[in-house]
Structures are given as structure tokens and as C-alpha cells.
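Note that the structure is predicted; figures quoted are calculated from it, not measured. Residue numbers begin at 1 in each chain, while the letters A, B, ... track the order of the sequences.
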Amino acid sequence: MTQRNVLEAINNALDEEMSRDPNVMVLGLDVGKLGGVFRATSGLLEKHGAQRVVDTPLAEASIIGASLGLAISGMVPVAEIQFLGFTAQAFHQIGPQLARYRTRSRGRFHCQVTIRAPFGGGISSPEFHSDAVEAQFVQSPGIKVVMPSNPYDAKGLLIEAIRDPDPVLYCEPDRIYRLARMEVPDGAYTIPFGKAAVIREGADVTLVAWSAAVELCLLAAGRLADDGISVTVVDLRTLVPFDVETVVSAVARTGRCVVVHEAPLSGGFGAEIAATLASEAFYDLDAPIARVAAYDVPYPAAPLEAWYLPSVERVVAAARKTARQ
Amino acid sequence: MTQRNVLEAINNALDEEMSRDPNVMVLGLDVGKLGGVFRATSGLLEKHGAQRVVDTPLAEASIIGASLGLAISGMVPVAEIQFLGFTAQAFHQIGPQLARYRTRSRGRFHCQVTIRAPFGGGISSPEFHSDAVEAQFVQSPGIKVVMPSNPYDAKGLLIEAIRDPDPVLYCEPDRIYRLARMEVPDGAYTIPFGKAAVIREGADVTLVAWSAAVELCLLAAGRLADDGISVTVVDLRTLVPFDVETVVSAVARTGRCVVVHEAPLSGGFGAEIAATLASEAFYDLDAPIARVAAYDVPYPAAPLEAWYLPSVERVVAAARKTARQ
Amino acid sequence: MKAMTARQSILKPDGRLLNGAKSSMTDAALMEAVRWMLMSRIYDERATALQRQGLYGVFSPAAGQEASVVGSAMALDPARDWIVPQYRELIALVRHGYPLERLAAMGMGRITHATRIPEGVNVLPTQVALAAQLPHAVGLAWGLKLQKKDSVVMAYVGDGGSSEGDFHEALNLAGVRQAPVVFVLQNNQWAISTPRRMQSATSSFALRAAGYVTYRMSFHNTTDNPSLYEDPKQRDEASRRDPIDRVIKHLTRRGLWNDERDEQTRMSIRAEIDAALDKAASFPAVTPGQLFDDIYAELPERLRRQREELLGEGSKE
Amino acid sequence: MKAMTARQSILKPDGRLLNGAKSSMTDAALMEAVRWMLMSRIYDERATALQRQGLYGVFSPAAGQEASVVGSAMALDPARDWIVPQYRELIALVRHGYPLERLAAMGMGRITHATRIPEGVNVLPTQVALAAQLPHAVGLAWGLKLQKKDSVVMAYVGDGGSSEGDFHEALNLAGVRQAPVVFVLQNNQWAISTPRRMQSATSSFALRAAGYVTYRMSFHNTTDNPSLYEDPKQRDEASRRDPIDRVIKHLTRRGLWNDERDEQTRMSIRAEIDAALDKAASFPAVTPGQLFDDIYAELPERLRRQREELLGEGSKE
Ligand SMILES: Cc1ncc(C[n+]2csc(CCOP(=O)(O)OP(=O)(O)O)c2C)c(N)n1
Ligand SMILES: Cc1ncc(C[n+]2csc(CCOP(=O)(O)OP(=O)(O)O)c2C)c(N)n1
Ligand SMILES: [Mg+2]
Ligand SMILES: [Mg+2]
């Protein structure tokens, strides 16, 4: 056991998998000497060599497209897209190519590719660096979408992603990269996809979130407890596969639900959760399902982001209103 | 008044706007001599000349990116992307550029650009040609998403799109391009965005759909009437802006709702509709909200598509179940 | 990375070698090439006819481009090298080991495990988004090199496809990684209806990649109507330079070909194609449950439920 | 489309002209250029210092690249021509009419209507996705030409940005449409930490576009730490070839520059920058409601409700 933050947990997962399997390789912009713009790949070049830790030309579509081909050749690429917003440049290589290759080849080929991408607001980044566009990949069947929220999960889910024979988009919440350390085992371990975690149990309202928004929910839970409102917090961990069962049963127990995410409201994955509940937990619902999200505007310039992003205050207000309805 | 099908209505709208405003121009693959792969731009080259009807090189991102620049220069480009699935190649130029230009320039510039793109299944096309990826643009604030379902709307909404100072993604349901003709006025007229149409009124269940799925709902409505189930059909017309009010009040009247779309279930715009109802129409709901959609798999090869797409039978079954719950 | 910038055409319309030109192919290779070229042409005709009868899906003929397809493919060792196709290279795939009956059965809509690329056949599946296959080819070549395999990857692209951003990104990456990949750009003068001069102002597509100048002597695919945009004179001119005619005239001049041989070759090809089409027709048909095969190694719960919904329904009907 | 393929450097480190080289700039232009270059360098220092004090956002210095930025921009007529920047061309925007105080105020987070590009200033906003601005530049140039305006568009891109697919698509389209656009590729040897040789195997970036070989003499931006990847010798070598030093030495040799003039020029620039920074600090601050400005010409109902929600909340706090 070592105390690690999210970034250290990711770095450690990469190092463990590269040490275990000589075909695992890391490629992307500035992942080599620099160790990535956040230093997530720091030390890997020195340890595993320039054939396996590769600074690529500045062209996201070719990073993903080449990873597909590398996977077919027998390598196990872990591609870094410097910021999730720049998956837009590679969009045609992700859903339409990487995600569909198994289907297109009717199972002859599959793509064991992990795409790592930092994202999320709150750190005063330039445009595109903060965009929470995870929902744009939900309509691309064939790829899994993984959203860790803490160091332990970050390592276990990343090792699972690297070993998954299918492509995985692994989104890293950069705002909490260095937020806090927790006990993270030294050896390899995996956390299965499609299993949400109930990280706090309460009787009145269920908060559902993923990635950095989980932290918001935990802060809100503390404040709500002071008000006498006891909440369940569900950390979805993966959007695809979506663990309908855990969410439905958690909401069934409280009868009330608030979904929280840092992406804009309209068309966010919160809509999928609420829609699923409106279908599968309908008779257990005692109040309208609330969503707390960013507003439906482009991610704003740094000085405006605190107003744009969902805040602990907004989560608390929505949960109070939901509990009392 | 002339009897026109969807394709003829579109062709006529383009012709009228090009005749009215010399800065309106059409660009895209094969839009010139060939008149587009579906002949939507047929005759325009001959009438309006090669400066205004332009076959571009085969590169979708540059079609959209150049349209942005053309708009800033004062032109009014109507870009055709040969099939909506190929917007993936231009994805980084649509949401991140076209949609945000007004915001990025703090109102100094805006992009009066229309993107036309045929899509939808049921016509045995090769891969990508059928993909219903409209929901992928809902998390790109700044662009409007328009989904006509019949010839009259097709013309009125396209003229609205061309005149709208902001960018519009106008998705054409190719399966019903030539399905039926209806009266379409000869002169110019517009249909405002953000106004859903209640095209059939009934007491028991509200069906909400857009584009070619509206036709499915109307067929289902007939069959359901034979069963004694009377349905309201709401044609959304535009996903962005989303006419919450019309949908909420229609569903409030019937207490029951089935959302129907040809895109895959998870993360489709149906989720946004159901989520909005679960929040804003909660106390009026008498039954779970059902969604009838394509399955969460890549669009399959032609011989499989009838099983993949939502069918009249599935809509009827879902409405029956919803009505009786 | 090297680009071949000279036009490599050496046969005149009458089958004679251009002044000073010399063929680097052995007679045996030439004879093999002619057979593949003829097979491609004859298969075009058969598939088009079947499509017109509603028995075959959208089909893209290779007519006019047989020399570039066959000539490039014959440089490869199927046991070692890989092909990454655009979509007019059916005959290259067949030579590389993809059984014709499987390709035919796919054309007939029998798209199942029985028609997929067989294990051990080094071919990537045809995909439809132009140029998107090119970075795959680079990654594949790069990976084979990392694993010290002595393979080459041959990737095809059209004049149209080469305008896509993926083309530039792929070539640039191949250069930096020194990946063993050959890009074959078939400039057949058209991208559907878009002529070469509207595609690029480059003086030669060969500046972009190893280039073949050919001419698409048929429609773009079976949904297309070239009379809307093609000047018949262009087609006539191209026909005069039909690559198959030229090689056959050349072989005839050299005494390696005659009417009898022609007749025999065509008959044996027709028999081979007939056999493949016969077999193809008896391949298993698609089944609805298949929708959920090959999406993930393991089907997630939500999809398992969707599958049940479909099959429950399907069995009721 | 033409690419300039020769290195255009004509000044030696000591400020003397290379053998046989001749400057095509008038003395007046040269003096103007030096002032812009110095202004760029001094603004770099000020903005960096302010950033270190938490008073300025992420900043990307132009140090080392002043000659390519100023030299290219001075070819333009601000009243007629357009600039489409990457992000190191601040001084070109200033010369083109974008007031320095607005740019400074933006750097200080005062991003409102008061800091936007003024009406009549022919500059597109800086955007962050590399190379995505290039097709915009082509469309703009094409549209101006269609409207018979006699304008040229100058678009900037880096060695890194030129690897993106958008670069190829933009250049190809510009060629086909004969659009009046000049692409200026500033090869400063780095894309953050990625060196030029990992960016492309091309023998010269000038084969891609009008190329300037420069050297990024500072960090990538204020979040960067070059000691992790840059060999100090490279920086030293580049400093010997500092473009500003060279021009000043050249002018000194020619009697057009001396210590006094140097001092005066720098003082006047500092005063100008100080004035701009002062003004910048008093620009209006952002306000929460602004989140909903400039999204659409007219705010849709759902957004109007979100705005109310925010402002209701905001006013409570
Ligand atoms: C990204 C993308 N855009 C558009 C299309 C539609 N399309 C199919 S084939 C074709 C023309 C291709 O031309 P070229 O690359 O020259 O190949 P050819 O058909 O001439 O062999 C087009 C535009 C596509 N398949 N993919
Ligand atoms: C599409 C995209 N990918 C990645 C980034 C992150 N990024 C910002 S600047 C930069 C390096 C750019 O290098 P170059 O084009 O050479 O310009 P320079 O910084 O050297 O002036 C990178 C990778 C980005 N802004 N856009
Ligand atoms: Mg072609
Ligand atoms: Mg650079």
C-alpha cells in the first residue's frame, strides 16, 4: 500500500502494465521526456524505452488510427489525447473506426486500445481543455466509457481498461489529479466495468454522479446531513456499460434522485440516467428527478467557469428541493 | 401550391433562397453537375453558376471550416455533407468551431452557415450512410439541430435555416425523400425553430418523435386507433432549440408518453425528452415513460437493418403497454 | 518515405512498348497478371448483372484499374504482407487469399462469420469512410516492425480519398516512424462525379504517394449514373487505353497469346466465378440475433436485455 | 499555390549580411520592424512577470520568433488584408489594429465586449485547436475573392500544427479555389516538448508552406517547464542567433542605431505598454450573466430559463 493521488495512481498503473506485458506501449503528444503535460507518463520513457513510450506528431486522428493498427499487429497501445476536447479531431477514428472494428470484421479483429484523456473544468484552462464531452461517445457502441473519481478506482479501472480486449475511453478528471492521496495497493488489481459504487448510503435522496462530480456530491452530502437530509451517493464509474441495476435499486430505496454532472445539461449522460429511471423505477419515484449540470453554453473563459460549473451549493439546493417535494 | 416530395421541397427551398440572395451558395461533394447523390441540388449549377454551386475536394472538415470563413466574408454558405455519418470527419469543425464562433469572438463574428446532411436507415446503404447521430450535436451549444419530417416542413425549416444568422445542422431523412408528395407553397415561407407540431391529438398516450420516425408514429397511431387507443403525436421538428413547453403540455394531457427515434437507445435525444418530462411533468405522469429506439449496436449491414430499426410493431406494442399500465 | 513521381505506363494502345521502355516482369508473372485482370473484369460484369437483378448489394467495379490493382498486389507475399484496401481492390484480396466465394456471399448479403476474412489471411476489412484506413495501415506496419516481423503493408486510396486530412496525417506518421507501408494512390480521374482538377491543384497525385494514373471505365458504383457528369469522349479515350486490351495485344505481338488461349482463359475464369457464386448462394443467411454478436468480447447487461427483447419479439412474429 | 523553399535568413549572428545577400526592406521599414520586434519582446517579459504574480492568464511568448511574426505581418495592409493567427502573433495583431490594451485586458481575464476585436479590424479571434483556423482562412479568402475584394488573408501555423489533417485539407482547397491566402508556417523547432524531427520526416517544413525557421527561445507557455526536455545548448545556440540582436547589430553597423536610440526606443515602448496595461486593468470585469451572451442571436427559451436560474442564485449569494 502506498498513498497516491489520482495522477500517481495512473502513472503507477501504466508502469505496472508496461512491466507485465512487453507489448503495452504508450503514445501521444509529449508523453516522453516531458512525461505528459500533467506528468502522468513521467518516468516511463526512462524505464521502458523510446520504442514503447512514443511522442507522436501533433495529429490526434492518426494517434487513434495508428493505435487501431498497432492493436491489430499485436501491440497493446495506450494512447493519450492531450485533452478530451481534442478527441474532436479524432472523432471519426473513435466511434466509426475503433469502436466498430470488431463488428465490421465480424469478430476476426478486435482493438485492445485504451485512450486516456484528461478533462474537466475548474483549473482555468484555455478553451477545449475543460470540455466534458463524454456523452458524445455514448452513441458509439463498441467503445466503453470509463470515468474514475478517486485514486483507487483510477488504478483499478485503468488496468482493467488496458487488459480489456475492446477499446476503452478513459477520462481523467484533471481538477482532482492532485486533490488528495489515498491508500492504493502496489500490485496490479482490476475493477470490473459496469459496476457502480454506492459510496455513501442514506434514506432521503440518491445523488448519482461520476468523475470529479462525485467529489461535489460528497461535499454536498456533508452539508445536507447538517440539515437532517441523509443521502445515498452513487459513483457510476463507467457510462458504458451503464449499471442500470445499482442506480435503479439505490433510487428505489430513497424514492428521490438528483443527477449531477459537469457536462452541459441538454444531452448529457444525466439525461440517460433520468430517462432510465423514468422507465424502470417509475413506481418507486416520490418526486421529480432533478439534474444539476453545467449550463447549455460553450465552456466559458476561465474567469466565468465558477458560474458555469455545477457547484456544491446548486447540488445542495436541488437535493433539498427534491427531498421536500 | 405545387405537390412536392421532401427532396423536391429541399431543392425548391435552395433555389428560392439562391434566387433571392446572391450571396447564398451551395458547396459540397458532387453537388454540381451530378446534383448531389440524391439530386437534392439538381439544376442549381445550371441556374446559378459554378461560382455559387461548388464541387469541393473530398474533405469534410474543410467543407465546414471553409464555410465558416465564407460566412465571415459575407457569403451565406449551405454546405452539404454527403451523409450525416461523415460529419464525424468534420466533427472538430462543427461543435468546437462553427458553433462557438459567436461566443469566441464575443459577438464580433457569427456564422450564417447551414449544413445539410441526409441520413437514416431503411434504404440498404453502406456503413455510415444510415447513422442517426443527431444527438452527438446536442452537447455543442451554439448550433441548432433541425429534423424535418415532411415536405412542407422541409422547405419552411430549410429557408429558416439559411436565413438564421447562426449555424444550423439540417438533417434530411433520406428514407422518406420520395415517400409522398404534399402541397408545398411556391413562394418563400419559414417555420420558426423551437416550435414542435402536434400533428395528431388523442387522449391516451403521447408519441414524441422527429424526422422519419414521425411517419412510424402516424402509422402506429392508425393501428392503435383500431384497438381503441387514441394517441397524440408530437413532431419535435428541432432538437435544438428543444420545445419543452409543447411536449410537457401534450404529455400532461395524456399522462403517458412513448418517445420514438431511429438512433440507438442509450444517449439518444429521447433520453433528454424523458429526463425533461421526469422533471417537469412528473406529477402528470400516470405510467413509466417508454422509449422505442434502435438497439445499442453499430448500424448493421443492410440485410439486418429491419431488425435494428424501431418498427411500427414495436411502437404499437410500447404504446399499448404504456396505455395499460 | 519515397514517392514515385514518374508515370510508369510503358504500353501503347496497340500493345507495343514505348520507345526504350522495358518490362521488368517475367513472362510467367505477366501471364498470371493477365489472368487476374481478366478475372476482375469478368467478375465486375457478373456482379453488376446480379445487382441489376436485385441479387447483389451496391457494387463498385474496378474496370479500367485492373493493371494498378493487380500490378501492385503481385508485389506482395500473402504469407507475410498485409493489404489495407479502399474498395475497388477485390481481386487483390482474392489473390491475397480471401476466398472469392466469401466476398461474393457478402455481396449477396450473407454477412456472417462464414464470410469474414479467414484466420491467417492478412487483409483488413473494407471500410467505407474514405482515407480512414490509412492510419490503420501505418499503425499495423509500425507494430509489425516493433515485433520484428519482416512484413510490408500495402494501403490503397483514391484520388478523392487523398484529399482527406487522414491521408496527410498517415503519411507524416509513416515517415516519422519509418513504418514499412506502401501507399498506393489510384488516380482514376473521378471521385464519384468530381473530376481530378476539382480535387486538387497538384500537378501530379504522384507527389502525394506512389501514384497510378488510371481511368474509372465504369460507373462509380451501381447506384451511380455517370451520364450526368461524364463526357462520353473521355470514356472513349480511356477505352482506347484499356489496360487489359493493351497487355493482351502486347502478349499477342510476342506470341504469348492468341484467340484460343483467350477463349480458354476466359472459360476457366468463368467457371471459377460460377463455382464461387454457386457456393456463395448457399452460405448461411443472416439472423436477427447476430445484431448483438461481435460488439464486445462480452455482451453488457443492457445489451443482453435488448437482445432478449428482440428475439422474444422475433419469435412471436 | 507556391511554396517558398529557400531559407531566407540573410543576417549573420554579428549582424552582417551573408555574402551576396541584400535586404529588400527600406531603412524606414527596418526601423519600424525593430520597434515592433522590441515591443513584442518587452511585452513577453511584462506579461510573463504579471502571470507569475497571478495577474495574467496562460501566456505564450514569441521570443525568438519576432522576425517571422513582424516580417510577415508588415507585408499586409490592415485596411484591406486579414490575419488569422495561431497564438504567438500578438504583435502582428497589434500592428493590424487590435488595440494592445484590449489584448492585455483579455490576458487579465477581462473578457467582455469591451475587449473583443473592434469592428473594422480585420483579424479573426485566436482559437486553441491547432490548425483548425486554416480552413477558416481559406473560406474567408475565397469569399473575399467571390465578392471581388482585393484582399489577402495571412494564416499562421506552427511546425506542430502543420501535422494536423486540417492543414492538408486547407492547403488543398486553397489550391483548387485559387484563394488569396498565404500560409505562414513558423517552424520554431518545438511543439511543446516534441522536437521537429519527431514531428515530421520532411526535409524542410518549407515544403509544406511558406516557412520560417525560427527558434522558440522561451517556454511553450507559462505552464511549461522546458528543462525537462530542452538541451540548454540548443537554447544557447539559438540565443546567438536572436533575431532582434542580429537586426540591431546590423543597424548599428550601418550607423542607424546606437545606445541612445536603443534606450529611447525601449523607453517609449515601455511607456506604451505601461499605458496599455493601465488601461487594461480598468476594463470592466466579467459578470455571470455574460455566460449567456453571444451564444445565439436570440436566446432560446430553455437557455433563458437557465439564465434566470443562475442570476436568481447569483443575486441571492
Ligand atoms: C469520408 C467520406 N466521405 C464521403 C464518402 C462518400 N463517397 C464514397 S466513394 C466517394 C468517391 C471516392 O473517390 P476516390 O477516392 O477517388 O475513389 P474511387 O471511387 O474513384 O475509386 C465518395 C465521395 C465516403 N465514403 N467517405
Ligand atoms: C488539436 C490540438 N491538439 C493539441 C493541443 C495542445 N497544444 C497546444 S500548443 C501545442 C504545441 C503546438 O506546437 P506548434 O504548432 O509547433 O506551435 P508553437 O507552440 O511551437 O508555436 C499543443 C500540442 C491543441 N491546442 N490543439
Ligand atoms: Mg477516384
Ligand atoms: Mg512549434
A.B. asks: Is it the backbone or the side chain of D:Thr126 that comes under 4.5 Å from a heavy atom of chain A, or both, or neither?
C.D. replies: backbone

A.B. asks: Relative to chain D, which of A:Thr56, A:Asp296, A:Leu304, A:Val297 shows the most heavy atom pairs under 4.5 Å?
C.D. replies: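 Between A:Thr56, A:Asp296, A:Leu304, A:Val297, the count favours A:Asp296.
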
A.B. asks: With rounding to the nearest 0.5 angstrom, report the CG to NE2 distance, A:Leu34 to D:His220.
C.D. replies: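 Between atom CG of A:Leu34 and atom NE2 of D:His220 there are 10.0 Å.
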
A.B. asks: If I compare all heavy atoms of A:Pro57 with all of D:Gln199, which pair ends up nearest, and what's the gap?
C.D. replies: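 Closest approach of A:Pro57 to D:Gln199, heavy atoms only: CA-OE1, 3.2 Å.
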
A.B. asks: Quick one: do D:Glu309 and A:Arg314 make a salt bridge, cutoff under 4.0 Å?
C.D. replies: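 Looking at A:Arg314 together with D:Glu309, the answer is yes, because their closest N to O distance falls below 4.0 Å.
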
A.B. asks: Heavy-atom distances under 4.5 Å only: say whether A:Gln82 touches chain D with side chain, backbone, both or neither.
C.D. replies: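 For A:Gln82, the side chain is the part near chain D, not the backbone.
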
A.B. asks: Quick check on the structure: residues of residues 156-170 of chain D within a heavy-atom distance below 4.5 Å of chain A, by number.
C.D. replies: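 Only D:Gly160, D:Gly161, D:Ser163, D:Glu164 of residues 156-170 of chain D have a heavy atom under 4.5 Å from chain A.
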
A.B. asks: Please tell me whether D:Thr194 and A:Asp30 have a donor and an acceptor in their side chains that are separated by less than 3.5 angstrom.
C.D. replies: yes

A.B. asks: Using a cut-off of under 4.5 Å for heavy-atom pairs, which of D:Thr287, D:Ile192, D:Val58 has the most such pairs with chain A?
C.D. replies: D:Ile192

A.B. asks: What are the two closest heavy atoms between A:Pro126 and D:Val128, and how far apart are they?
C.D. replies: CB-CG2, 4.0 Å

A.B. asks: So which heavy atom on A:Arg39 is nearest to which on D:Asn225, and how close?
C.D. replies: NH2-CB, 4.1 Å

A.B. asks: Relative to chain A, which segment of D:Gln127 carries a heavy atom at a distance below 4.5 Å: side chain, backbone, both, or neither?
C.D. replies: both

A.B. asks: Heavy-atom distances under 4.5 Å only: say whether A:Val37 touches chain D with side chain, backbone, both or neither.
C.D. replies: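 Side chain only.
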
A.B. asks: Does anything in residues 47-56 of chain D reach chain A? List residues with heavy atoms under 4.5 Å apart, or say none.
C.D. replies: none

A.B. asks: Less than 4.5 Å to any heavy atom of chain D: does that hold for the side chain of A:Tyr308, its backbone, both, or neither?
C.D. replies: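 Backbone plus side chain of A:Tyr308, per the 4.5 Å heavy-atom cut-off to chain D.
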
A.B. asks: Please flag which part of A:Gln89 lies under 4.5 Å from any non-hydrogen atom of chain D: side chain, backbone, both or neither.
C.D. replies: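 It is the side chain, since no backbone atom gets that close.
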
A.B. asks: Taking every heavy-atom pair that is under 4.5 Å apart, which of A:Ser266, A:Ala88, A:Ala306 has the most such pairs with chain D?
C.D. replies: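 Highest number of pairs under 4.5 Å: A:Ser266.
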
A.B. asks: Which bit of D:Arg307 is near chain A, if near means a heavy-atom gap under 4.5 Å: side chain, backbone, both or neither?
C.D. replies: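 For D:Arg307, neither part sits under 4.5 Å from chain A.
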
A.B. asks: Which heavy atom of A:Leu265 sits nearest to which heavy atom of D:Gln306, and what is that distance?
C.D. replies: CD2-NE2, 3.7 Å

A.B. asks: If I compare all heavy atoms of A:Trp307 with all of D:Leu310, which pair ends up nearest, and what's the gap?
C.D. replies: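 Closest pair (atom of A:Trp307, atom of D:Leu310, distance): O-CD1, 3.7 Å.
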
A.B. asks: Which atoms of D:Leu291 are under 4.5 Å from chain A, going by heavy atoms: the side chain, the backbone, both sets, or neither?
C.D. replies: both

A.B. asks: Give a yes or no on this: more than 12 heavy atoms of other residues, nucleotides or ligands lie within 6.0 Å of atom CD of D:Glu298.
C.D. replies: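 Atom CD in D:Glu298 is not crowded, with 12 or fewer foreign heavy atoms closer than 6.0 Å.
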
A.B. asks: D:Ile295 versus chain A, heavy atoms under 4.5 Å apart: side chain, backbone, both or neither?
C.D. replies: side chain

A.B. asks: If you draw a 6.0 Å radius around CZ in D:Arg305, do more than 12 non-hydrogen atoms from other residues or ligands fall strictly inside?
C.D. replies: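 12 or below, so no.
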
